[in-house]
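Residue numbers begin at 1 in each chain, while the letters A, B, ... track the order of the sequences. All heavy atoms count here, side chains included; hydrogens, waters and symmetry mates do not.
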2 protein chains.
Amino acid sequence: MFFSIDANNGVAIYEQVVRQVKFAIAEEALQPGQLLPSIRALSVDLALNPNTVARAFQQLQSEGILETVRGRGLAVCAGVAERCKELRRELISDRLRSALSEALRGGLNTEEIQAIVQQQLQELTSQVASQ
Amino acid sequence: MFFSIDANNGVAIYEQVVRQVKFAIAEEALQPGQLLPSIRALSVDLALNPNTVARAFQQLQSEGILETVRGRGLAVCAGVAERCKELRRELISDRLRSALSEALRGGLNTEEIQAIVQQQLQELTSQVASQ
DNA sequence: GACAGTGTACTATGTAACTAGTACACTAGG
DNA sequence: CCTAGTGTACTAGTTACATAGTACACTGTC
C-alpha cells in the first residue's frame, strides 16, 4: 500500500493514517466509490493493531470522507476529492507553519530558514529519485 | 519570560521547554553562568506544573547544558553557546524535514511546497512585526 | 445453508505525558 | 538562628495512545 508510518513523529499513528488517506484521495490514487483495503489487511501491511486502523477509518467516516458498504468494506464517498485537496493543503500548511514559527522564535532569520528548507527539500527529492 | 508553550503541538511540553532554553542560549539571550528563572517561577509564568519544568531542567542538566548551584538555582554551563547553536540547527532542520517529507509524500511538488513556505513565513514575520 | 471476509463494539493492559501534592536538604539574607 | 527561596525526590491520579483479544451482525460466494 501507499502508506508509510513513522512511530516517533509527534503525530499519533491513527492520525497519520487519517492524513495519508486524505492525501491519497487528493492525489486521486483513491477514486470515489473505490473500496479501501480492509482494516485487517491494512493493519498487517503497516504492522499496526487493527484497532488503530479502525479508529482512523472511524474518524474518516465521521468526517464524511468514507462510507460503510455493509459486508463489503469502506468506500471513498462521492465528490470528496476537491475537499481532500483543500484539507491536504491545510494540514501541510499548518504543520509547516508550526515548524517555521519555532524556527523564527528560535532566533533564525528568514534567509537561514529558507536555506534549511532548500537543503532538506533537495535531500528528500534526491532520496526519492534514488529509490 | 521568552518562552511560549503550545499544548497541542505534537511536541511534548517538557520537550518544548528544553528546546526553547537551548534556543535562548544559542541566541545569547541566556549567557553562560547566568541563573535561569526558578522552576517555581517559570511554572507560574507558563501555567505549567512545576514537575514538568523540573523534568525539562533535569534533561538539560543531564545533557551538560545547565548545572546546579546549590541553594541558588540552575545556571548555564560555560562554553555551551556554540553547541546550542548546532543543536538549534539540528532540531529545526529535523522538524522541517519531517514536515517537508510529509508534504512530498502527500503528492505536492517542490514548487507548491516552496510557495506554502513563503506564504507562511510572510504571515509569521508580519505577525511578529505587528506585535 | 455454510463459510469466509467485512465493519463494529467491547473489555483489558501497558506506556508516556502531565498534573497534584508533599517532603527534604541546601543556601542567602536579615 | 530564622525565614524564604532554591533544586530534588517521592507517591498518586488522569488522560491519550497503542496494543491484545474476543464477540457479533452483515454480505457475497460457493
Would you give me the side-chain donor-acceptor pairs under 3.5 Å for residues 109-117 of chain A, sequence neighbours excluded?
unit_1 : atom_1 : unit_2 : atom_2 : d
A/N109 : OD1    : A/E111 : N      : 3.1
A/N109 : OD1    : A/E112 : N      : 2.8
A/E112 : OE1    : A/N109 : N      : 2.9
A/Q114 : NE2    : B/Q118 : OE1    : 2.9

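At a cut-off of 3.5 angstrom, the base of C/dG7 holds at least one donor-acceptor pair with the side chain of A/R40.
To the nearest angstrom, P of C/dT19 lies 10 Å from CD1 of B/I5. In this entry the distance linking CG of A/L36 with P of C/dT6 reads 12 Å, nearest Å. Here D/dA25 presents its C1' atom at 17 Å from CZ of A/R72, a figure rounded to the nearest Å. One interatomic measurement links the two molecules: CD1 of A/I39 to P of D/dA25, which rounds to 18 Å at whole-angstrom precision. When the P atom of C/dA17 is taken as reference, atom CG of B/L48 falls 15 Å away, rounded to whole Å. Taking atom CG on B/N8 and atom C1' on D/dT15, their separation rounds to 14 Å, with Å as the unit. In this structure, B/Y14 atom OH and C/dA16 atom C1' are separated by 9 Å, rounded to whole Å. Taking atom CG on A/L42 and atom C1' on C/dT6, their separation rounds to 14 Å, with Å as the unit.
Two residues are said to be in side-chain contact when any heavy atoms from C-beta on lie closer than 4.5 Å; A/I65 and A/C77 fail this criterion. Side chains of B/F3 and B/Q16 form no contact here, defined as non-hydrogen atoms less than 4.5 Å apart. By the 4.5 Å heavy-atom criterion applied to side chains, B/V21 and B/F57 are counted as neighbours.
With sequence neighbours excluded, the residues that form a side chain to side chain contact (heavy atoms under 4.5 Å, CB included) with B/E15 are B/V11, B/A12, B/R19, B/Q59. A search for side chain to side chain contact (heavy atoms under 4.5 Å, CB included) contacts involving B/N8 returns B/D6, not counting sequence neighbours.
Residue A/T68 has a polar side-chain atom (N or O) positioned under 4.0 Å from OP1 or OP2 of C/dT8.
Evaluation of the salt bridge (charged side-chain N to carboxylate O under 4.0 Å, His left out) test over residues 58-85 of chain B, restricted to residues two or more places apart or in two chains, returns B/K22-B/E63, B/E28-B/K85.
A heavy atom closer than 4.0 Å to some atom of DNA chain C occurs in A/N51, A/Q58, A/Q61, these being the qualifying members of residues 49-67 of chain A.
One axis for each end of the helix from C/dG1-D/dC30 to C/dG30-D/dC1, each built from five base pairs, and the angle between them comes to 0° at 10° resolution.
We find that B/R97 and A/E123 are joined by a salt bridge, their nearest charged nitrogen and carboxylate oxygen being less than 4.0 Å apart.
Annotation: of the two residues near DNA chain D, A/R70 and A/I13, the 5′-most nearest-nucleotide partner is A/I13.
For the 3.5 Å distance criterion, the side chains of A/S43 and A/N49 fail to qualify, holding no donor opposite an acceptor.
The side chain of B/S38 lies closest to D/dT6 when the candidates are D/dT6, D/dA18, C/dG7.
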